[in-house]
Amino acid sequence: MIRVQTEDFDPGAELEQLRRNNGGKAGAVVSFMGLVRDLNEGDTIRQMTLEHYPGMTEKALGIIETTARERWKLTDVIIIHRIGPLAPDDRIVFVAAASPHRKQAFHACEYMIDTLKTDAPFWKKEATASGNRWVSTPPVIG
Amino acid sequence: MIRVQTEDFDPGAELEQLRRNNGGKAGAVVSFMGLVRDLNEGDTIRQMTLEHYPGMTEKALGIIETTARERWKLTDVIIIHRIGPLAPDDRIVFVAAASPHRKQAFHACEYMIDTLKTDAPFWKKEATASGNRWVSTPPVIG
Amino acid sequence: MVQLRFFASLRETLGVGDEQVVLPDDITDISALTGWLQERNDIWHTALGDSRVHVAVNQVLVKPDCAVNDGDEVAWFPPVTGG
Amino acid sequence: MVQLRFFASLRETLGVGDEQVVLPDDITDISALTGWLQERNDIWHTALGDSRVHVAVNQVLVKPDCAVNDGDEVAWFPPVTGG
């Protein structure tokens, strides 16, 4: 299930829907929730705006889901990404993978968010005290 | 935050509380939700009962949280495990790690559930058509 | 006609998001199309000359030797920063 | 007095969950305590002789050479299967 939307989403409702559809098949659900941080490269972030490439975004996320389902045994997949203006602590992205086996769920979830961050056409513009700026490089991988 | 309880829990409410306390610090929240499967070793599972060692359980989970916080830069940790009777698709366990960096959140979450499965004193007894049996080995790691 | 699209910082630098152009006969791949657009002025030359710029044809990432045909949608954009 | 505890399949096999015993003077570590309990009968001998059985002293996992003292809580249990 893939959604790109301006409005917020409810991770609990998404996980509950997945559980209701589970039918006893998946014992492991791994999810990643991305939140807006209040600091980037030493500057306080007041707001950010997410631009995307309509059409290509959905296509890129669809390829990510398909590839994950081919590589790992998954019973369900969720990818939700927001666009438009966001403030610190706002939810940006939610990715979940359900599998009979927990290692597969972990691998698939991590693969999907890693690949989303390099392949899906989203761009962040940050508002700081000294003005607006495009985030020019991917976030540090810790 | 560690809880061992008979009653169900709400992963969405837990994630939302974590987000509200975040203060812009964590950009990444990785969570694992364990559900009861309807099949184990070829047999249909009707119900299972989780026994634990009161006191030692909380101590073991506390050590897991402390070790995770020492190894990775975490802003918040959740470990919830249920005990008592459970049916297929019921939630058993919820583990979450919040971090400024997503790789750290993934490593910490996976470490916590892996270690819980080897070190925390919980035991599953399954009810199948042919009677009750203790789960004698850890679930297959896929 | 080819549909050109520019996103994020590239759109702001060039001052254009969408544009339709008639493809000259001798332009048959992305590399040539990019070079042709770079001839417009120094801003275009520098912005599209950045090696980090990504190109997508019909919403799929491609390499510079990818063919371009009448009716295609071609997009240039900086490295993505979502998630 | 030492508090003995048995969990899960081990509790069912032995038919006892909690028991208090007076520690003989010559029993000073877990290995000796387990051996002493195994002398009770064949069921105890076999159940506590399983190399997979875990032992915790005062709610912390320990090895067989761990010391045991009056007032301790000692627990035996099969490999854990939670999560």
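So you know, we letter chains A, B, ... as the sequences are listed, proteins then strands, and number each from 1.
- Among Pro11(B), Ala28(B), Ala96(B), the residue making the largest number of heavy-atom pairs under 4.5 Å with chain A is Ala28(B).
- Between Leu35(A) and Asp90(A), the closest side-chain pair of non-hydrogen atoms is not below 4.5 Å.
- Residues Glu51(A) and Trp134(A) have side chains in contact (heavy-atom distance under 4.5 Å, counting atoms from C-beta outward).
- A donor-acceptor pair under 3.5 Å is absent between the side-chain atoms of Glu16(B) and the main chain of Arg19(B), judged by distance alone.
- By the 4.5 Å heavy-atom criterion applied to side chains, Ile113(A) and Phe106(B) are counted as neighbours.
- Heavy atoms closer than 4.5 Å to chain A are found in the backbone of Ala26(B), but not in its side chain.
- The side-chain heavy atoms of Arg3(B) and Met1(B), taken from C-beta on, include a pair separated by under 4.5 Å.
- Applying a 4.5 Å heavy-atom cutoff, the residues of residues 69-89 of chain B that approach chain A are Asp89(B).
- Counting heavy-atom pairs closer than 4.5 Å to chain A, the top residue among Gly23(B), Gly24(B), Gly12(B) is Gly24(B).
- The CG atom of Asp43(A) sits 11.5 Å away from the CG atom of Asp38(A) when rounded to the nearest 0.5 Å.
- Ranked by heavy-atom pairs under 4.5 Å with chain A, the list Ala13(B), Ala98(B), Gly27(B), Ala105(B) is led by Gly27(B).
- Taking OG of Ser99(B) as the reference point, atom NZ of Lys25(B) lies at 13.0 Å (rounded to 0.5 Å).
- A distance-only check finds no donor-acceptor pair linking the side chain of Thr115(A) to the backbone of Met112(A) [under 3.5 Å].
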